[in-house]
2 protein chains.
Amino acid sequence: MNTTRGDRPPTSVDVARAAGVSQATVSYVLTDNPHARVSEETRRRVRDAAARLGYVPDAAARTLRTGRSGIVLMPLSRARVGRLAQQVFDELEEEFRTRGYTLVQYGERTLKGVAAARSWLALRPSAVLVEAARLTRPAVDLLHASGVRAVIGLSDQPSPLVPAVVFDHRALGAAAARHLVERGSRRLAAVVPREEGLDAMGRARLAGVREVVPGAARIDLAFSEEEAGRIVRAGDLPDGVFAYNDEYAMLLISALKDAGLRVPEDVAVVGADDLPICTLMRPRLTSVHFDATASPADLAGEIDGIVRGERPSVGGEVVARFEPRLVIRASA
Amino acid sequence: MNTTRGDRPPTSVDVARAAGVSQATVSYVLTDNPHARVSEETRRRVRDAAARLGYVPDAAARTLRTGRSGIVLMPLSRARVGRLAQQVFDELEEEFRTRGYTLVQYGERTLKGVAAARSWLALRPSAVLVEAARLTRPAVDLLHASGVRAVIGLSDQPSPLVPAVVFDHRALGAAAARHLVERGSRRLAAVVPREEGLDAMGRARLAGVREVVPGAARIDLAFSEEEAGRIVRAGDLPDGVFAYNDEYAMLLISALKDAGLRVPEDVAVVGADDLPICTLMRPRLTSVHFDATASPADLAGEIDGIVRGERPSVGGEVVARFEPRLVIRASA
DNA sequence: TTGTATGCGTTATCAT
DNA sequence: ATGATAACGCATACAA
C-alpha cells in the first residue's frame, strides 16, 4: 500500500514521488496557490496520487512554515458561558471545521493580559475569541504582532480594543423588567447567581432591570433548593421576579409553590434562555431569549474573512450582537 | 523588551542568547531531558532568561520534531453525547490541560475507519477518544503506527480493539425497569428518542428494560409537546415508563398531567441523568444516574500514562465504567 | 510550466 | 558539561 518508509502517514514527498513531480508542485496544487501555474494534467496526477495515498497535510508542519495554525482558540470554560453559548458552540465548531479551522475550547481561567496571550500563542492560533475583560492593549498588540489575525472580544458592550460579540445582558434584564411591570408587578427583584462566573452576567442583567425599575431588589441565590426555600420563607419577595435564567426560575417557582404561594398571581416570574422546560412547566414560563444578529455561519465567515485579510480587525466594531427577545407564556 | 527581530514570540534561540548558552542547552533544560547533564547554575540562568522573555515553546515546531502533538482528540459532537459527557467534558479538559495536553472536540461525524483516522492524523494527536463503533482494526493500526499512543473507545461494552470507556446503557435501563416493577408497575414501556445520535443509546437502554420485563413496549418519541400529547391521548400507555432521560421524563409527565392522568399513581415515570430539575418537579422525579468508576482526573491520568508509555494500550481493557445508580424520589 | 533550495523552531545525536 | 548540527514536512522565492 504505502510505498514509503515505515508506516507513517504519507508526506507531500511521497505524493510527489507517486505523481512523478516535485514536492513543490504538490504543494502548489494542493494549496491552490494562485501564484503558480500548473497544467491541468499535472494537477490531476497530483490529486490522484494524493487521494490514492490518503495524503493529509501535516498541520504542524504547515503551521511552522506559515506561522499560523488553523486553530481558533476560545479560552473560556464551558460552564461559565451558560446554555446559550453551549448551543452556539456546536454550530460554530462545525462552521469552522468546514472552513478548515479547528475550534479549540481552552478552559484556562486565571491568566489575563500579556501572560494569557503568551500562553495562547503556543498554539499560534489564527483567531482568539475571548472575554474582552481579559484583554489589554499590550496583549492585543502582542497577539497581532505574533500572527494572530483576528482577536475577537466577548462582552456585554463594544470593546475599544477589538471587534466584539456583544451579549446585551442589560437589555435582557430590562426586557424582563418591562414585561413584569406591564403585566402588573409593582415591586421587582432580580436573581443574581452566587456561582462564580455567572455572577457577572447576573449583575449586568440586574443593572438592566434597574434601568426600568430603579429600586429593584437584588436576590443573591446559589442553585440550591434549601437556599431558595429560605429566601421564599423570609417572605419579603416582591410581586415580580426576574430569575436570571430558566433554571433559576424553576428553582424559585418550586420554592414558591412549596410555600403555598401562587405563580404568577402572588409572584410573577420571568426566566431567560427559553429552554424547552419553559413549555413543560405549568403555568408555562415566560422567558427572555437571546437572539443573534448573526448566525454561527455568519460569525465564522466574518472571522474567516479577517483571518484571510479580506476584512480588517477594528476595535469598537460589533461582529455580532445578541439581543433579547421576549417569549411570553405565563398568561397562556 | 524583546531583544530580537520584529516582535514575534521569543524562540529558544532568543532565550539562549539572553542566557549566554547555546540553543540546545535551552532545550535540554526546559524539557528536563534526563539524557543531558547541565549544571544547576546554567539551568537557573536558562530558566531566568526564559521567564524574563516570556518564552513559550512553539507547539507546532515541537510537534513536527517529535511527531506527536499535545492534542487529545475527541471526534464527537457535543449534542450527541448527552448531558453526562457535557458535564464530564469540562473537568476532563481541565485535567488534560494541567497535564500539558489540549483536549480538542472535533464534531466531524461522517467519517469512519481508516478515512476518519487519516483526517484525525492531520493533528498528530497523542490520544484519540472516540466511539468504538467508528473504529476498525486497520484504523486502529494506522493510528498506532502513526504515533498516536492511546486510542480509547467509548462504547456500551468493552471493545476488542482498544481500551474502552464503557457506558452501560443496558444496565441503566435494567435498573430503571427493576425499580418500576418493585414499586408496582405491571406493564412497562421505554422511550427511545427519535433524535439522531440519541437513538442508539435509547435502544440500548430499552434492551436493558427488556432484560427485566421482556414484553416492555417501545415508545419512539421526538422531543416535542405535540408528539408527547398525541402518544398520551392514544391511551395505550402502560403503568410504568422509563423515559430515556430526565428531560424526556418531564416532557412525558407534562403531557400526562395535561391529559388528566396522575403521576405516579396512574403512570409511574423514571428518568435518567439526575439533573437538578428532578428535585424541582412535584412529585420529585426518580432518576437513574451514571456513576463513573473513575474520575476525570483518573481517566486523564490513565491516558497520560499510556501516552507516556508507562502503561500499555490493551484491547478489551476497561479504562472506566459508567454504572447506573438509582436515585429514588417519586415516593418522597 | 516545473524544479531547487531554503527556513520555520524544535528535539536529539554526536562531537568536543 | 555544553555546543554544532541534522532532521521533521511544508510553503514559497527564485532559477531553469
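Order of the sequence lines fixes the chain letters, A, B, ..., with proteins taken first and strands second; residue numbering starts at 1 for each chain. Note that these values count all heavy atoms, side chains included, but never hydrogens, waters or copies made by symmetry. These numbers come from a predicted model, not from an experiment.
Note: CG (L30(B)) to C1' (dT11(C)) measures 12 Å, nearest angstrom. Between R45(B) atom CZ and dG3(D) atom C1' the separation is 14 Å, expressed in whole Å. Rounded to whole Å, the distance from CZ on R17(A) to P on dG3(C) is 14 Å. Between the OH atom of Y55(A) and the C1' atom of dG9(D) there is a distance of 7 Å, rounded to whole Å. In this structure, CZ of R68(A) is placed 13 Å from P of dA11(D), rounded to the nearest angstrom. Distance, L123(B) CG to dG9(D) C1': 15 Å, rounded to whole Å. Put simply, CG on D14(A) is 13 Å from C1' on dC8(D), counting in whole angstrom units. Distance R37(A) CZ to dT12(D) P: 16 Å, rounded to the nearest Å.
With values rounded to the nearest 0.5 angstrom, D58(B) atom CG is found 6.0 Å from L64(A) atom CG.
Residue R62(B) is classed as a sugar-phosphate contact, given heavy-atom separations below 4.0 Å to backbone atoms only. Across all strands shown, V21(A) has heavy atoms under 4.0 Å from sugar-phosphate atoms exclusively, and none from any base. At a threshold of 4.0 angstrom between heavy atoms, the contacts of S27(A) include nucleobase atoms, whether or not backbone atoms are also involved. Nucleic acid contact class of T63(A) (heavy atoms, under 4.0 Å, all strands): none.
A close approach under 4.0 Å does occur between a side-chain nitrogen or oxygen of S39(A) and OP1 or OP2 of dT2(C). Residue N33(A) has a polar side-chain atom (N or O) positioned under 4.0 Å from OP1 or OP2 of dT12(D). Under 4.0 angstrom from either OP1 or OP2 of dC8(D) there lies no side-chain N or O belonging to T66(B).
When each of T11(A), D14(A), V13(A) is checked for a side-chain contact (heavy atoms from CB on, under 4.5 Å) with Q23(A), only V13(A) meets the rule.
Toward the 5′ end of DNA chain D lies the nearest nucleotide of G20(B), the other residue of the pair G20(B) and L64(B) mapping further downstream. Map S22(B) and R65(B) each onto its nearest nucleotide of DNA chain D; the residue landing nearer the 5' end is S22(B). When each of A59(B) and E40(A) is assigned the nucleotide of DNA chain C bearing its nearest heavy atom, the one mapping closer to the 5' terminus is E40(A).
Judged by distance alone, with hydrogens and angles left aside, Y28(A) brings a side-chain donor or acceptor within reach of the base of dA13(D), the pair sitting under 3.5 Å. In terms of polar N and O atoms assigned as donor or acceptor, the side chain of Q23(B) never comes within less than 3.5 Å of the base of dA4(D) in a complementary pairing.
Across dT10(C), dC10(D), dA5(C), the shortest atom-to-atom separation from the side chain of S12(B) is found for dT10(C).
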